[in-house]
Peer 1: 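This structure is in structure tokens; I'll ask about it shortly.
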Amino acid sequence: MRDTLTPAEARDMLAAVARHIVASVDMLTEIDQAIGDGDHGIGMRRGFAAVEEAMAGSDLQSVAKVFKDAGTAIMAKTGGAAGAVFGTLFRAGSAAFDGRDGMDAAGFAGFLAQGLDAVEKRGGAKPGQKTMIDALAPAAVAAADAAGGSLGEAVRSAAAAARQGVEATKGMIATTGKARTLGERSLGHVDPGAVSFTLILESMRDYIAA
Amino acid sequence: MRDTLTPAEARDMLAAVARHIVASVDMLTEIDQAIGDGDHGIGMRRGFAAVEEAMAGSDLQSVAKVFKDAGTAIMAKTGGAAGAVFGTLFRAGSAAFDGRDGMDAAGFAGFLAQGLDAVEKRGGAKPGQKTMIDALAPAAVAAADAAGGSLGEAVRSAAAAARQGVEATKGMIATTGKARTLGERSLGHVDPGAVSFTLILESMRDYIAA
Amino acid sequence: MARPKKLLNNPVDVVSELIDGLVAASGGDLQRLGDRNAVVRDRIADDKVALLIGGGSGHEPMFPGFVGSNLADGAPCGEVFAAPTPDLILDTLHAVHRGRGVLMVYGNYAGDNMNFDIAAELAEEAGIVTRTVRVWDDVAAAPLDRITDRRGIAGDFFVIKVAGGAAAELTDLDEVCRVAVKARDNTRSMGVALAAGSIPETGERTFELPEDELEIGMGAHGEPGIARRKMTDADAIAGEMVDRILVDLPFQSGDEVALLINNLGATTQMELLVVTRRVHQLLKERGIAVHRTDVGSFLTCQEMAGLSITLMRLDDELKRYLDMPARSFAYSRS
Amino acid sequence: MARPKKLLNNPVDVVSELIDGLVAASGGDLQRLGDRNAVVRDRIADDKVALLIGGGSGHEPMFPGFVGSNLADGAPCGEVFAAPTPDLILDTLHAVHRGRGVLMVYGNYAGDNMNFDIAAELAEEAGIVTRTVRVWDDVAAAPLDRITDRRGIAGDFFVIKVAGGAAAELTDLDEVCRVAVKARDNTRSMGVALAAGSIPETGERTFELPEDELEIGMGAHGEPGIARRKMTDADAIAGEMVDRILVDLPFQSGDEVALLINNLGATTQMELLVVTRRVHQLLKERGIAVHRTDVGSFLTCQEMAGLSITLMRLDDELKRYLDMPARSFAYSRS
Ligand SMILES: Nc1ncnc2c1ncn2[C@@H]1O[C@H](COP(=O)(O)OP(=O)(O)O)[C@@H](O)[C@H]1O
Ligand SMILES: Nc1ncnc2c1ncn2[C@@H]1O[C@H](COP(=O)(O)OP(=O)(O)O)[C@@H](O)[C@H]1O
Ligand SMILES: [Mg+2]
Ligand SMILES: [Mg+2]
Ligand SMILES: [Mg+2]
Ligand SMILES: [Mg+2]
């Protein structure tokens with residue numbers, strides 16, 4: 001268990017995240033078929049395959065740079081709502097690592113907080129509208145609560161909060177994105193973007209724990 | 001059993017023929033689905049529904065007129081290959097009754113012979129090409145052979161020959177009409193127009209026998 | 001396979017209703033022939049050689065969608081997949097005739113041939129001179145030595161476009177006919193079907209194709225083609241089709257052609273464009289120059305999935321008439 | 001329900017391949033942006049206000065089919081059903097910019113909004129002025145008091161046509177934007193789906209509809225509509241759709257409108273025309289005059305069966321730009 005990640009470790013972690021997302025394409029697509037247009041999996045695969053490539057070429061200057069490179073790759077390759085949302089999360093969130101040598105719990109909490117802020121500004125959605133924000137917002141809260149402790153603990157606790165957030169989206173009626181017009185019919189289904197976000201955190205958690 | 005039909009009887013007979021064809025729409029359509037474009041039944045229904053109407057309004061001047069009126073109705077309403085072929089059969093064939101008071105065996109044989117001649121000229125098809133000609137031609141031969149006898153016998157014998165002709169079309173490869181490009185795949189299927197022609201004769205036979 | 005779902009009223013009235021829709025959409029350019037299933041242009045120039053086209057319905061926009069300026073003057077519309085009756089053809093013929101005779105262009109099918117021939121004979125009795133050009137562009141329908149046994153498919157469009165241009169400019173029926181024959185003789189097509197269309201009145205598909213197969217050379221009513229293949233990629237199919245088309249005329253290096261990629265009904269534009277791309281590549285490899293490309297629904301077969309490829313070899317005269325501006329429901333070009 | 005059969009190569013390359021086809025078919029009028037998935041006009045007048053349109057692919061001919069003269073100047077094309085990336089939008093924006101700013105017109109979807117907004121911010125940093133008009137014509141997507149939550153569907157076409165005309169004539173970006181906003185604000189649409197389309201890369205249909213039902217208000221990606229109905233006749237469905245559209249703006253007796261009957265993919269032209277006929281009848285009954293009617297495939301959803309109805313209320317200004325001649329892959333008018 002590492003408590004502060006070097007830029008190289010952050011890069012390896014994001015490469016592992018990328019592989020995990022790419023491997024989840026079918027599950028994510030299926031979820032989007034239920035309440036969206038059925039392309040979330042293939043979109044995330046495009047974006048995170050690019051992240052894996054970008055990580056191989058990332059120059060390890062800093063954790064901020066590594067996260068920003070990941071965000072740039074997502075933004076450039078994913079397309080759709082997910083590309084803008086996850087690209088914004090990584091690019092805006094990366095600023096939380098500016099001036100920090102490595103990635104620690106406080107940095108991680110800052111990443112989620114600043115990422116959340118930017119995503120809300122970008123898309124205008126708020127918690128409760130059945131988007132990835134419903135996993136991101138509770139994760140940000142949990143990480144802030146754990147910001148004084150270990151990185152492993154902060155990420156674990158954020159991932160658990162995100163997973164709960166995913167469950168909570170089942171009870172929400174979508175009011176943004178392509179699920180918007182489903183109305184009540186969106187009840188009972190989880191939000192695909194929220195699932196993707198949670199997979200990202202869970203995969204970070206597993207990397208750190210390993 | 002009538003041996004010479006009056007114009008009124010000829011009209012009633014063709015009305016009965018028309019009802020029989022209209023009632024056979026599904027069977028004829030199914031046969032055309034196998035080797036044609038699947039519309040033979042509905043085409044014949046259009047034409048023979050018009051025959052029934054025309055018969056109700058036919059002026060009973062002569063058998064020739066009654067048959068010609070039927071042919072005109074078929075020509076005007078059926079469309080497709082069948083409209084031209086059966087319209088031509090009735091219109092050209094009706095000339096065989098010119099100058100005759102009623103419809104007897106010789107007139108009937110002339111109807112088929114002159115009708116056959118006109119249909120061959122119109123469409124350029126010859127026996128063996130898997131068309132209604134393969135029922136019409138043997139029926140015309142049988143009727144000619146029976147032309148000296150009773151009308152009932154002539155029609156019965158022509159209908160039987162037509163039915164055999166239908167069976168024989170199973171062994172033929174279509175070289176005209178929409179079944180043309182089926183090639184060997186048309187083997188084993190009967191020709192829809194040949195079936196229609198046979199239904200016409202069988203229905204005449206039943207009317208005369210009743 | 002499930003029956004296709006269709007948004008229709010009583011299917012018996014479908015031809016009449018679609019003509020009403022076409023006339024409404026034309027904004028006055030088209031008129032219906034009384035209450036008959038035929039359309040004629042609102043204004044036809046005096047002394048013009050008339051161009052009459054037509055055939056069975058169910059192939060929209062063919063034929064009525066190509067009645068318009070520098071295109072056809074009128075079209076009798078038969079019931080679905082059934083040639084129009086001689087009466088209807090004759091009445092439409094009378095409506096478009098302007099004293100210089102009528103050229104009739106239609107697809108080469110037994111039903112159309114017989115019904116148009118009967119109408120032509122009746123017209124002749126009424127003193128109207130007609131000429132006939134039957135389109136037989138489908139190379140899959142018969143070998144070259146029996147070319148007159150071939151069906152007319154999307155190549156109809158090129159012949160109509162050229163004949164329409166010629167009929168707008170030339171004043172002699174035989175001259176217009178000569179140009180149309182030249183267009184016909186230089187046109188070759190082939191189709192491929194992935195799934196069947198259906199006839200509204202029966203609701204039944206006109207053929208069955210296994211889930212993993214396609215048929216090359218399928219006709220516009222579902223008449224069988226020349227080969228079934230396991231589903232494979234678009235480039236392979238396009239290659240096989242182009243090969244069979246090129247060898248037939250034959251088209252040769254140095255030729256200039258017009259290309260038509262026709263949607264048989266339910267195929268996505270995406271697929272049409274992928275095939276367009278491949279055909280362009282193949283023609284370039286063979287040294288054949290593409291003068292112009294049309295992509296879209298020209299001769300459909302209800303909701304049949306599939307497409308056809310048509311090539312017309314051009315000379316200066318064909319090019320001139322093909323390139324003339326035109327305006328109709330289904331084809332407008334400036 | 002069986003997976004739709006498609007004639008494609010590797011579905012991952014489908015957008016790139018369809019753009020090659022489109023550029024080939026354009027005969028030089030369109031250029032591809034390097035090896036990117038975007039098309040731009042071959043010649044764009046100096047000093048012209050540029051019109052940029054775009055969105056996810058899979059809706060062909062929307063958007064790239066409407067890049068042409070008096071229409072749009074360029075279109076970045078996202079992957080199937082996915083908004084284009086900011087990078088792609090920005091690069092296309094640079095390619096069409098001629099110094100007078102860029103109007104961006106696209107459908108109102110979260111993904112498009114965010115990606116185009118990011119591109120606009122980056123453009124601004126580079127000194128290029130942009131304006132945005134999001135099309136939200138789908139009355140089924142949200143109530144009128146939340147109109148900015150509505151989706152953009154086939155009404156995109158009217159806004160593009162009018163904006164394209166305005167951008168060709170007017171020299172001020174804000175003026176072009178004003179006209180496009182007016183077009184958008186006077187446009188209302190609704191769709192009905194009978195069967196689902198599919199995404200090439202997954203091969204799966206985007207929704208399931210029982211064999212005997214249709215869905216009114218279905219979105220262009222299969223987003224649910226407002227009502228499921230048992231299959232019924234075309235006139236009943238057209239009536240329900242027209243009612244909901246008319247009441248929304250509202251369109252009133254004395255209004256003059258443009259009408260668009262759009263094929264969502266696999267529907268026959270026969271069906272489109274039957275509905276065209278009915279909509280004309282209904283509008284006539286309501287005292288609404290139809291200035292022009294377009295029927296065909298404008299914004300499709302792969303092989304979805306169904307259609308949409310769009311009305312735009314006209315004034316002299318809108319009519320003028322709508323009626324301007326235009327020429328592109330998917331829309332030519334003289
Ligand atoms: N305004 C928004 N703010 C945050 N997340 C959003 C917003 N709109 C959509 N999303 C997220 O994007 C996901 C859909 O992504 P994806 O399917 O890739 O894009 P698209 O909706 O363009 O098909 C949704 O599940 C949701 O989590
Ligand atoms: N040239 C021809 N001569 C005689 N009969 C023909 C000819 N062509 C077709 N037929 C007959 O017409 C029948 C088909 O009729 P129908 O299905 O109504 O017309 P279509 O082929 O136009 O769909 C064939 O079964 C055949 O018997
Ligand atoms: Mg999606
Ligand atoms: Mg038939
Ligand atoms: Mg037929
Ligand atoms: Mg999407």
Side-chain angles (χ1 to χ4, degrees), chain C residues 1-2 4-10 14 17-22 24-25 27 57-58 60-61 65 192 194-195 200 211 214 231 233-235 237 261 265-278 280 290 292-297 300 302-303 305-307 325 327 329 332-334, chain D residues 1-2 4-10 14 17-22 24-25 27 57-58 60-61 65 192 194-195 200 211 214 231 233-235 237 261 265-278 280 290 292-297 300 302-303 305-307 325 327 329 332-334:
Chain C
M1 238 180 134
K5 290 159 84 173
K6 280 187 155 150
L7 207 53
L8 294 174
N9 299 307
N10 186 342
V14 69
E17 292 187 354
L18 80 86
I19 287 175
D20 278 344
L22 194 70
S57 292
E60 291 71 33
V192 57
L194 282 70
E211 275 312 311
L214 51 78
M231 281 297 292
D233 63 27
D235 285 3
I237 298 299
I261 304 290
T267 288
T268 60
Q269 293 221 0
M270 183 176 263
E271 290 161 272
L272 301 179
L273 287 168
V274 167
V275 169
T276 300
R277 159 199 143 276
R278 185 60 187 153
H280 268 264
V290 181
R292 61 187 290 163
T293 308
D294 287 298
V295 183
S297 296
T300 64
Q302 298 293 301
E303 61 283 269
L307 55 87
R327 180 188 158 98
F329 172 77
S332 292
R333 269 288 139 182
S334 47
Chain D
M1 239 178 132
K5 290 157 85 173
K6 280 186 155 149
L7 207 53
L8 295 174
N9 299 307
N10 187 342
V14 68
E17 291 187 354
L18 80 86
I19 287 176
D20 279 342
L22 195 69
S57 293
E60 292 70 34
V192 56
L194 282 71
E211 274 312 311
L214 50 78
M231 280 299 292
D233 64 27
D235 285 2
I237 297 299
I261 305 290
T267 288
T268 60
Q269 293 222 0
M270 181 176 266
E271 291 162 90
L272 300 178
L273 287 168
V274 167
V275 170
T276 300
R277 158 200 144 276
R278 185 63 187 152
H280 268 264
V290 181
R292 62 186 288 164
T293 308
D294 287 298
V295 184
S297 295
T300 63
Q302 295 295 300
E303 59 282 272
L307 54 86
R327 179 189 160 98
F329 172 76
S332 292
R333 268 288 137 186
S334 46

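Side chains are part of it too, since the values below use all heavy atoms of this structure and drop only hydrogens, waters and symmetry mates.
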Peer 1: Calculate, to the nearest 0.5 Å, the distance between atoms NE2 and CD1 belonging to His280(D) and Ile261(D) respectively.
Peer 2: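 It comes to 7.5 Å.
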
Peer 1: For Leu194(D), is it the side chain, the backbone, both or neither that has a heavy atom under 4.5 Å from a heavy atom of chain C?
Peer 2: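 Both backbone and side chain.
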
Peer 1: Starting at CG of Asn9(D), measure out to CD1 of Ile237(C) and round the result to the nearest 0.5 Å.
Peer 2: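 Asn9(D) CG to Ile237(C) CD1: 10.5 Å, rounded to 0.5 Å.
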
Peer 1: Sort Leu307(D) into side chain, backbone, both or neither according to what part of it lies under 4.5 angstrom from a heavy atom of chain C.
Peer 2: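 The side chain, not the backbone.
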
Peer 1: Begin from the C-alpha positions of Leu7(C) and Thr267(D) and carry the test side-chain contact (heavy atoms from CB on, under 4.5 Å) through to its verdict.
Peer 2: CA-CA 9 Å; Leu7(C) 207 53; Thr267(D) 288; over 6 Å; no

Peer 1: Answer yes or no: is there a donor N or O on one side and an acceptor on the other, between the side chain of Glu60(D) and the main chain of Gly58(D), under 3.5 Å?
Peer 2: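 Here the side-chain-to-backbone pair exists.
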
Peer 1: Under the rule for side-chain contact (heavy atoms from CB on, under 4.5 Å), what residues qualify as partners of Ala25(D), not counting sequence neighbours?
Peer 2: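 Expected list: Thr276(C), Thr293(C), Val295(C), Phe329(D).
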
Peer 1: Do you know which of Leu272(D), Ile19(D), Asp235(D), Asp20(D) has the most heavy-atom pairs with chain C at a distance under 4.5 angstrom?
Peer 2: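 Highest number of heavy-atom pairs under 4.5 Å: Asp235(D).
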
Peer 1: Mind running side-chain contact (heavy atoms from CB on, under 4.5 Å) on Arg327(D) and Arg333(C) for me, showing each step along the way?
Peer 2: CA-CA 8 Å; Arg327(D) 179 189 160 98; Arg333(C) 269 288 139 182; 3.7 Å; yes

Peer 1: Counting heavy-atom pairs under 4.5 Å with chain D, which one of Gly265(C), Pro61(C), Ser334(C), Ala305(C) comes out on top?
Peer 2: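 Among Gly265(C), Pro61(C), Ser334(C), Ala305(C), the one with the most close pairs to chain D is Pro61(C).
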
Peer 1: Please flag which part of Met270(D) lies under 4.5 Å from any non-hydrogen atom of chain C: side chain, backbone, both or neither.
Peer 2: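 Looking at Met270(D), backbone and side chain both touch chain C.
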
Peer 1: Between Ser57(D), Ala266(D), Gly306(D), which residue shows the highest count of heavy-atom pairs closer than 4.5 Å to chain C?
Peer 2: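 Heavy-atom pair counts peak at Ala266(D).
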
Peer 1: Got a sec, which residues hit salt bridge (Lys or Arg N to Asp or Glu O under 4.0 Å) with Glu17(D), two or more places apart in sequence or on another chain?
Peer 2: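 Per chain and number, Glu17(D) pairs via salt bridge (Lys or Arg N to Asp or Glu O under 4.0 Å) with Arg277(C).
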
Peer 1: Taking every non-hydrogen pair under 4.5 Å, which of Glu303(D), Met231(D), Gln302(D), Lys6(D) racks up the most with chain C?
Peer 2: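 Option with the greatest count: Lys6(D).
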
Peer 1: So for Leu22(C), is it side chain, backbone, both, or neither that comes closer than 4.5 Å to the heavy atoms of chain D?
Peer 2: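 For Leu22(C), the contact with chain D is made by backbone and side chain together.
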
Peer 1: Which of the residues Thr300(D), Thr268(D), Val290(D) is involved in the greatest number of heavy-atom pairs with chain C at under 4.5 angstrom?
Peer 2: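 Of the candidates given, the most pairs with chain C belong to Thr268(D).
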
